[in-house]
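The next block holds one structure in the form of structure tokens; read it before the comments.
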Amino acid sequence: MYKVMGVKKAILAVVLFASVLGLILFSLSKIQPYWAVSGTARKIPIYNVETQRKAVSLGINCAWDDSDIYEILSILKNEDVKATFFVVGDWCEKYPEALSAIYEAGHEIGSHSDTHPDMTKLGKEEIIEELRGCAEKIEGVTGEKTILFRAPSGAYNNLLIDTASEMGYYTIQWDVDSLDWKGLSGAEIYGRIMSKITSGSITLFHSGAKNTAGILGKIIKDLKNEGFEIVKVSELIYKDNYYIDHAGTQKKASEN
């Protein structure tokens, strides 16, 4: 009799385990990717733009020194194109003449934070201080506010994007990385840009990188030869009635 009871308990345990496992598997089958779950989506910055224009934007980060700024500005002037410079507040403080030269040449200026920290490790008030500090330094030289922000090292989270948005910023990433900060040769930088760029692309270059200024002119010439129009980031992105898909592509929302 005891053996029969033991067998029955064993069978019952197996049935209960199978039922629980079935419920778990069923629940997992209903889980959707984070971008498809209402209220839990991870926020994404603008990496590139879906557009009918054959247009791209040159995004240049300024965080190190001003050693090649005037050479870059000369190249841009000779090619008659405008770029968007994302500047760190500390850089503005050290090189106000360079910032003024960028502004006076008609280029666009965006924020790259005040001190270049990992902003995903900051609380909301600290994020506000980083954005406000850089904005004050930019405005102190140019007299104008900026609406663009690029996160240091491209590190972001929902809090950062939401806080930047509340302060009137569009958070801008990139889809074409020159990797110039790694000290790549001019030929390597050229190959990366020209093989990856497409309509709506936003690039990542750095001032103060070893070979950026030396190859930038050829990149611009060849982009033009391929029919690309080079515009400021603020002229490429949509300001309203848009959404950003899970890959970071900004798209115009349906007006229906």
Side-chain angles (χ1 to χ4, degrees), residues 45 57-119 122 125-156 160 163-164 166-174 178 180-181 183 189 202-217 219-220 230-237:
S57 291
L58 302 179
I60 303 172
N61 291 3
C62 299
W64 303 330
D65 59 46
D66 68 342
S67 58
D68 59 358
I69 281 294
Y70 297 98
E71 183 180 358
I72 288 173
L73 291 177
S74 178
I75 292 165
L76 295 171
K77 180 179 179 181
N78 289 340
E79 295 301 328
D80 193 26
V81 299
K82 304 301 181 187
T84 300
F85 291 80
F86 293 93
V87 299
V88 173
D90 285 349
W91 188 90
C92 299
E93 206 164 39
K94 289 179 183 177
Y95 309 108
E97 295 86 2
L99 179 62
S100 180
I102 293 169
Y103 175 73
E104 292 299 328
H107 300 289
E108 184 168 50
I109 298 171
S111 169
H112 195 34
S113 80
D114 195 30
T115 64
H116 206 274
D118 180 346
M119 294 180 74
L122 305 183
E125 290 306 314
E126 294 172 306
I127 292 172
I128 291 172
E129 286 305 308
E130 281 289 327
L131 293 171
R132 184 178 291 153
C134 184
E136 288 174 354
K137 290 168 185 174
I138 292 172
E139 192 171 353
V141 172
T142 69
E144 293 188 6
K145 298 181 182 296
T146 178
I147 61 169
L148 303 178
F149 165 65
R150 177 175 272 179
S153 304
Y156 63 88
L160 177 58
T163 304
E166 290 168 10
M167 295 179 69
Y169 291 97
Y170 297 89
T171 301
I172 307 298
Q173 203 82 332
W174 59 86
S178 69
D180 57 358
W181 56 274
I189 293 171
I202 300 171
T203 70
L204 172 61
F205 289 104
H206 295 80
S207 68
K210 185 177 179 181
N211 295 305
T212 299
I215 197 63
L216 186 60
I219 289 172
I220 292 172
I230 299 173
V231 301
K232 301 174 185 177
V233 169
S234 66
E235 296 173 355
L236 183 69
I237 65 173

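Here, residue 1 is the first one in the sequence, and each next residue gets the next number.
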Please enumerate all residues that pass side-chain hydrogen bond (donor to acceptor under 3.5 Å, both in side chains) together with Thr163, with sequence neighbours excluded.
none

Applying salt bridge (charged side-chain N to carboxylate O under 4.0 Å, His left out), can you list everything that pairs with Glu126, at least two apart in sequence or on another chain?
none

Output a table of donor-acceptor pairs, distance under 3.5 Å, between side-chain atoms of residues 80-90 and any protein atom two or more places apart or on a different chain; print 'none' if there are none.
residue: Lys82; atom: NZ; partner: Ala105; partner atom: O; Å: 2.7
residue: Thr84; atom: OG1; partner: Glu108; partner atom: OE1; Å: 2.7
residue: Thr84; atom: OG1; partner: Val233; partner atom: N; Å: 3.0

Could you measure the distance from the CD atom of Glu104 to the CG atom of Leu73? Nearest 0.5 Å is fine.
11.5 Å

Set of side-chain hydrogen bond (donor to acceptor under 3.5 Å, both in side chains) partners for Glu144, sequence neighbours left out:
Tyr103

For the student: nearest non-hydrogen atoms of Phe149 and Ala151, plus distance:
CZ-CA, 3.6 Å

Determine whether Pro152 and Met119 make a side-chain contact, defined as any pair of heavy atoms from C-beta on separated by less than 4.5 Å.
yes

What distance separates Glu71 CD from Leu76 CG, expressed to the nearest 0.5 Å?
10.5 Å

Under the side-chain hydrogen bond (donor to acceptor under 3.5 Å, both in side chains) test, which residues partner Ser57, sequence neighbours left out?
none

State, to 0.1 Å, how close Ala164 and Leu131 come at their nearest heavy-atom pair, and which atoms those are.
CA-CD1, 3.9 Å

Sub-4.5 Å side-chain heavy-atom contact between Asp180 and Ile215
no

Using the salt bridge (charged side-chain N to carboxylate O under 4.0 Å, His left out) criterion, which residues pair with Glu235? Sequence neighbours excluded.
none

Ser178 side-chain N/O to Leu204 backbone N/O, donor-acceptor pair under 3.5 Å
yes

Straight-line distance of Asn61 CG to Phe205 CZ, nearest 0.5 Å:
11.0 Å

Ile128 vs Met167 side-chain heavy atoms within contact, under 4.5 Å
yes

Trace of the side-chain contact (heavy atoms from CB on, under 4.5 Å) decision for Tyr156 with Thr171:
CA-CA 9 Å; Tyr156 63 88; Thr171 301; 5.5 Å; no

For Ser74, which residues count as a side-chain hydrogen bond (donor to acceptor under 3.5 Å, both in side chains) partner, sequence neighbours excluded?
none

Looking at Ala155 and Leu160, what are the two nearest heavy atoms and their distance?
O-CD2, 3.5 Å

What donor-acceptor contacts under 3.5 angstrom involve side-chain atoms of residues 91-100, with partners at least two apart or in another chain?
residue: Trp91; atom: NE1; partner: Asp65; partner atom: O; Å: 3.0

Can you list every ring pair (Phe, Tyr, Trp, His ring centres under 6.0 Å) pair that touches residues 59-79, not counting sequence neighbours?
Trp64-His206

Quick one: salt bridge (charged side-chain N to carboxylate O under 4.0 Å, His left out) partners of Lys145, sequence neighbours excluded?
Glu139

Quick one: salt bridge (charged side-chain N to carboxylate O under 4.0 Å, His left out) partners of Asp68, sequence neighbours excluded?
none

Keeping the roles fixed (side chain from Thr146, backbone from Ile109), state whether a donor-acceptor pair exists under 3.5 Å.
yes

If I compare all heavy atoms of Ile60 with all of Ile72, which pair ends up nearest, and what's the gap?
CD1-CG2, 4.2 Å

Which atoms form the tightest heavy-atom contact between Glu130 and Pro117, and what is the distance?
OE1-CD, 3.5 Å

Is there a side-chain contact between Thr203 and Ile219 in this structure, where contact means two heavy atoms from C-beta onward sitting under 4.5 Å apart?
no

Please report the closest heavy-atom contact between Gln173 and Arg150, naming both atoms and the distance.
O-NH2, 3.0 Å

